[in-house]
Amino acid sequence: MTAPRAARRVGVLALQGDVREHSAALTQVGAVPVPVRREQDLAGLDGIVVPGGESTTIGRLLTVFDLLEPLREALRGGLPAYGSCAGMILLADEVVDGTPGQPTLGGLDVSVRRNAFGRQVDSFEAELDLVGLPEPVHAVFIRAPWIERLGEGVQVLAREPGGHPVAIRQGALLATSFHPELTGDARVHELFVKGLH
Amino acid sequence: MSADNAPASTVQGTDRVKRGMAEMLKGGVIMDVVTPEQARIAEDAGAVAVMALERVPADIRRDGGVARMSDPDMIDGIQAEVSIPVMAKARIGHFVEAQVLQAIGVDYVDESEVLTPADYAHHIDKRRFTVPFVCGATNLGEALRRISEGAAMIRSKGEAGTGDVSQATTHIRTILGEIKRLTVMDETELYEAAKLMSAPIDLVRETAELGRLPVVLFTAGGVATPADAAMMMQLGADGVFIGSGIFKSGDPAQRARACVEATASFQDAERIAKVSRGLGEAMVGIAADKLGAGDLLATRGW
């Protein structure tokens, strides 16, 4: 154990999606979740979570609420971020089949495919091994994306049963195709929060 | 990939996957659309999903006759146009319409009172399906009965196709008020409440412990303006369905964007004011209290 330190303040982008579940998971691992809806909410954060939701909706609201550029700037400046599902899409540099002009935050040198597994009837749960966790995670995939192109410096933490990367890390950015926030198992959030400094 | 060729270690159609899908829609607007062009407008405006149907509720009301599931060709056209989830309606109790909708790959089935009921005693046994269902409710007992049948999402019913938000207000207030009362009941009282609501005790207990439904709760039926949408959110809805309100108005694209922004920033009156400007004509509407008992849709469902 290292010396005790103040609880990490972790923003949760609160424009649309499962903000409540991510906030609960962060609380579970001792962080303080801070809803982020406008630029001034970014001040003083140790990290930020981009939640699950509809990536096209969140992307549009980022633009309308004048958050896209400030958040991009913060990420370029080293603000650690964790994105699940839609959050992974928004953190990717390239979206393979996005809607025309779909804005992303970027930062992860990857190409991500939206709804890669198919429609909702193809959504599924599976046990996955994840680098850094001794026991497998129970992963919930909902109209989930996967990674099709990996840039240099991107570490694959987990792959889906078909072999595509579904959990990745690059520098201060972490992303999963699946939704640990829906399972009550906060180990992925713990992994993220532990890495904050 | 379908259920037949999924990897052996995976499982589909679980409660968690069905309910989780609705969690991803929270804070969003789901819009009724009747053409691929309208679906495109909805997606571009930031809708979290679209409901594909042949006629919006206002037209179903005007035309009369039997309202049924949409033509699969029409739903296909909308699925091809947009990347956001596509929902579609089946008649209450019409389990084969629901089977068809699952077969063509809709993302959510709405077992809806807006269509003419196919069964006046039974709802669909929704647990038998891989596709998740959303159902309407006017009170907590109705909501919990639908969840016990397998509904993975609830929407308060309101009175569809009127543009009058009063019934939506009544229903969301009723559901949330009844939940609030459950949270202060002891075990003995919960049994009595379950009996009175004709709802399973385990769901009643779970709801009391959570202080909310165990599934996502949206509002529907009569929402026509950004202020209506924000009001539903302030009352405690997780999100909003807008049926006739957008494409029966003067400038659907602008109204759609305005409703999305107002829903996302529902506590910010200045922003709601800003997006409410210059929207053109809202849908004309019918006051719900001018409808005869036979014209009410919310009373369908049992």
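Atom CE of residue B:Met24 and atom CD1 of residue A:Ile142 lie 4.5 Å apart, to the nearest 0.5 angstrom. Distance check: B:Thr130 OG1 to A:Asp122 CG gives 9.5 Å after rounding to the nearest 0.5 Å.
Within 6.0 Å of CD on B:Glu270 lie no more than 12 heavy atoms contributed by other residues, nucleotides or ligands. Within 6.0 Å of the CZ atom in B:Arg128, the count of heavy atoms belonging to other residues, nucleotides or ligands does not exceed 12. Counting heavy-atom neighbours within 6.0 Å of B:Arg205 CZ, excluding the residue itself, gives a total above 12. More than 12 non-hydrogen atoms from other residues, nucleotides or ligands lie less than 6.0 angstrom from CZ of B:Phe266.
Looking at heavy atoms from C-beta onward, A:Glu181 lies out of side-chain contact with B:Glu23 at the 4.5 angstrom threshold. Contact annotation: the side chain of A:Arg143 approaches that of B:Pro85 to within less than 4.5 Å [non-hydrogen atoms, C-beta and beyond]. Counting heavy atoms from C-beta outward, B:Thr10 and A:Glu125 have side chains that stay 4.5 Å or more apart. Between B:Gln12 and A:Gln120 there is no side-chain heavy-atom pair separated by less than 4.5 Å. With contacts defined as side-chain heavy-atom distances shorter than 4.5 Å, the pair B:Val86/A:Arg119 qualifies. Side-chain contact check for A:Val64 versus B:Arg271: some heavy-atom pair is nearer than 4.5 Å.
When heavy atoms are compared at a cutoff of 4.5 Å, B:Arg19 does not approach chain A at all. For B:Ala47, the part lying near chain A is the backbone, with the side chain staying farther off; criterion is any non-hydrogen pair under 4.5 Å. At a 4.5 Å heavy-atom cutoff, B:Val216 makes no contact with chain A through either its backbone or its side chain. Heavy atoms of A:Leu61 lying under 4.5 Å from chain B belong exclusively to its side chain. A:Thr183 touches chain B through backbone and side chain together, each having a heavy atom under 4.5 Å away. With a threshold of 4.5 angstrom between heavy atoms, B:Asp268 approaches chain A through side-chain atoms but not through N, CA, C or O. Heavy atoms of A:Asn115 lying under 4.5 Å from chain B belong exclusively to its side chain.
Between chain A and the options B:Gly28, B:Gly27, B:Pro132, B:Gly46, heavy-atom pairs under 4.5 Å are most frequent for B:Gly46.
In terms of heavy atoms, A:Ser123 sits closest to B:Val17 at CB-CG1, 3.4 Å.
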Pair B:Glu261-A:Arg60, salt bridge (Lys or Arg N to Asp or Glu O under 4.0 Å): steps then yes or no:
CA-CA 9 Å; B:Glu261 289 174 40; A:Arg60 196 184 132 60; 3.1 Å; yes
If you apply the rule side chain to side chain contact (heavy atoms under 4.5 Å, CB included), what do you find for A:His179 with B:Arg16, and how did you get there?
CA-CA 11 Å; A:His179 295 280; B:Arg16 195 181 263 153; over 6 Å; no
Evaluate side chain to side chain contact (heavy atoms under 4.5 Å, CB included) for A:Gln16 paired with B:Thr263, printing each intermediate quantity in order.
CA-CA 9 Å; A:Gln16 191 272 317; B:Thr263 301; over 6 Å; no
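Scored by the salt bridge (charged side-chain N to carboxylate O under 4.0 Å, His left out) test, A:Glu54 finds A:Arg114 as partners (sequence neighbours excluded). In this structure A:Glu190 satisfies the side-chain contact (heavy atoms from CB on, under 4.5 Å) test together with A:Val29, A:Arg187, A:Lys194, sequence neighbours excluded.
Scanning residues 75-83 of chain B against chain A with a 4.5 Å heavy-atom cutoff picks out B:Gln79, B:Ser83, ordered by number. Inspection of non-hydrogen atoms places B:Gln102, B:Gly105, B:Val106, B:Asp107 of residues 100-107 of chain B under 4.5 Å from chain A.
Although no hydrogens or angles enter the test, the distance criterion places no donor-acceptor pair under 3.5 Å between the side chain of A:Arg37 and the main chain of B:Ser265.
Looking at A:Glu21 and B:Lys26, a side-chain N of the basic residue comes within less than 4.0 Å of a carboxylate O on the acidic one, giving a salt bridge.
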